[in-house]
Amino acid sequence: MRDDAVIAVYIMANFRNGTIYTGVTSDLLQRVWRHRTGATPGFASEHGCKTLVWYEQHENMIEAIGREKALKKCCLLYTSDAADEGLGVD
């Protein structure tokens with residue numbers, strides 16, 4: 001790992017109020033570059049999630065993975081509740 005590498009949970013988006021991608025990485029700068037250039041195929045690339053909108057640094061990967069799971073669970077609960085209320089959240 002590089003000396004300036006940052007362990008982080010992060011959120012990328014394609015545009016305001018659009019699709020988001022939540023991830024965890026041991027090298028935030030490299031990972032954001034890979035998203036922006038489309039170097040890694042997958043969900044974020046397919047949906048054009050190229051803008052870093054939020055990140056949170058962590059001391060170790062175990063903490064970061066736990067936080068990522070909590071964020072994803074929160075988002076799933078939000079979208080599930082919104083769908084139940086007919087709010088049209090994708």
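- What you find for E68 and V24 is that their closest heavy atoms are OE1-CG1, 3.4 Å.
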Could you list the donor-acceptor pairs under 3.5 angstrom formed by side chains in residues 6-17, with sequence neighbours left out?
| from | atom 1 | to | atom 2 | distance (Å) |
| --- | --- | --- | --- | --- |
| Y10 | OH | R31 | NE | 3.2 |
| Y10 | OH | H35 | NE2 | 3.0 |
| N14 | OD1 | T19 | N | 2.8 |
| N14 | ND2 | H47 | O | 3.1 |

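- A distance of 14.0 Å separates NZ in K69 from OG1 in T22, rounded to the nearest 0.5 Å.
- Linking Ile, Leu, Val, Met, Phe, Trp and Tyr residues whenever their side-chain heavy atoms come within less than 4.5 Å leaves W33 and W54 in two separate clusters.
- Taking CZ of F43 as the start and CD1 of I20 as the end, the distance is 8.5 Å to the nearest 0.5 Å.
- Side chain of T51 to backbone of V53: no donor-acceptor contact under 3.5 angstrom is found.
- Ion pairing between R67 and E63 fails under the 4.0 Å rule for side-chain N and carboxylate O.
- Annotation: the span from R36 atom CZ to C49 atom SG amounts to 12.5 Å, rounded to 0.5 Å.
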